[in-house]
Structures are given as structure tokens and as C-alpha cells.
Amino acid sequence: MADDDYAELVLTVVERIPPGRVMSYGAIAEYLGRGGPRQVGAVMSHYGGGVPWHRVVAANGRLVPGHEQEALRRHRLEGTPLKSDKVDMRRAAWWPEDDPTPLDPSDARLP
DNA sequence: GCTATGACAGCTC
DNA sequence: CGAGCTGCCATAG
């Protein structure tokens with residue numbers, strides 16, 4: 001299989017991530033069912049332009065290395081649940097199957 | 001074919 | 001909450 005196809009798959013998934021939500025490298029790799037977090041990261045580093053790369057974070061909520069300020073700024077604008085300089089994965093984690101459900105009504109975000 | 005590397009993940013201290 | 005280690009997957013030298 002062409003690695004380019006893999007890259008496009010990754011980028012496609014990233015584009016589907018709604019504002020205010022994020023997906024971890026591992027989640028994307030798991031969703032695609034192939035490769036691993038490192039592979040997803042490699043694709044993002046090379047073909048990450050043109051997609052909401054800031055919505056792709058590490059499993060622990062760590063923002064993209066080298067672009068933390070930029071990503072953080074965008075997340076603030078989108079209203080992504082943040083935890084200091086990290087993303088609150090507990091609330092921001094998103095999955096393709098999960099529909100456009102923003103956030104659980106009963107779990108309204110707390111400051 | 002082995003070693004080094006990397007936008008990672010999970011665990012332990 | 002930071003620092004260190006091990007595990008995983010693919011690519012490059």
C-alpha cells in the first residue's frame with residue numbers, strides 16, 4: 001500500500017475534527033487501524049499543512065511541540081477545554097463515530 | 001538485517 | 001507534575 005494513501009487518510013480524519021475538539025495521535029492511528037502514533041506524527045510533520053493540525057494533540061493533552069503558542073491561541077479562540085497549557089482530554093477528546101455532540105449538557109465546562 | 005530516530009503512549013519514581 | 005524507561009511502528013542510513 002502506498003504510504004501516500006496513509007498520509008491522505010490521516011489528513012482526512014484530521015479535517016473531520018470539529019472545532020473545540022481534539023484527537024490524539026494514538027486515537028487516529030487506532031481509528032485507521034494501521035500504523036501507530038509515531039506514523040501519524042510523521043505524516044503531520046510533513047503533510048500537516050492545510051489541516052487543523054492544532055486539533056491533533058498527544059494523549060496526555062500536550063500541544064504540538066514547536067507550535068504551542070500558535071496552537072494554544074487557536075484553541076482559546078475555538079473554546080477548546082484547556083488545562084493550563086494543555087488540552088483537557090477528558091472533555092475535548094473526539095471520535096469520528098461520536099457525532100457532532102459538542103459537550104455533554106450535564107458536564108458543562110467549568111472554568 | 002541491524003541500528004538510530006521520531007509532532008507518541010503508558011508506567012514508575 | 002516533571003523526568004526516566006520501555007514498548008510500538010515505519011523509515012532511513
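Note that these values count all heavy atoms, side chains included, but never hydrogens, waters or copies made by symmetry.
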Nearest whole angstrom, please: distance from the [atom2] of [N] to the [atom1] of [X].
X	N	atom1	atom2	value
E30(A)	dC9(C)	CD	P	12 Å
R34(A)	dT11(C)	CZ	P	11 Å
R38(A)	dA12(C)	CZ	P	15 Å

Validation row, ring centre H75(A) to ring centre H54(A) under 6.0 Å:
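Yes; H54(A) has its ring centre under 6.0 Å from that of H75(A).
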In the hydrophobic cluster built from side-chain contacts under 4.5 Å, what are the other members alongside V57(A)?
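The other cluster members (ILVMFWY side chains, heavy atoms under 4.5 Å, direct or chained) are V22(A), L63(A), L72(A), L82(A), V87(A), M89(A).
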Base, sugar-phosphate, or nothing for A42(A), non-hydrogen atoms under 4.0 angstrom?
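Here A42(A) touches no strand at all.
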Return the minimal non-hydrogen interatomic distance between [X] and [Y], and the atom names on each side.
X	Y	value
R16(A)	P96(A)	NH2-O, 3.9 Å
A92(A)	G20(A)	CB-O, 4.3 Å
M23(A)	W94(A)	CG-O, 3.3 Å

Rounded to whole angstrom, note down the C1' distance from dA7(B) over to dG13(C).
22 Å
Chain A contact limits on DNA chain B, taken 5' to 3' with a cut-off of 4.0 angstrom to heavy atoms
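On DNA chain B, the outermost contacted nucleotides are dG6(B) to dG10(B).
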Are the side chains of E30(A) and P37(A) in touch, meaning some heavy atoms are under 4.5 Å apart?
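Not in contact.
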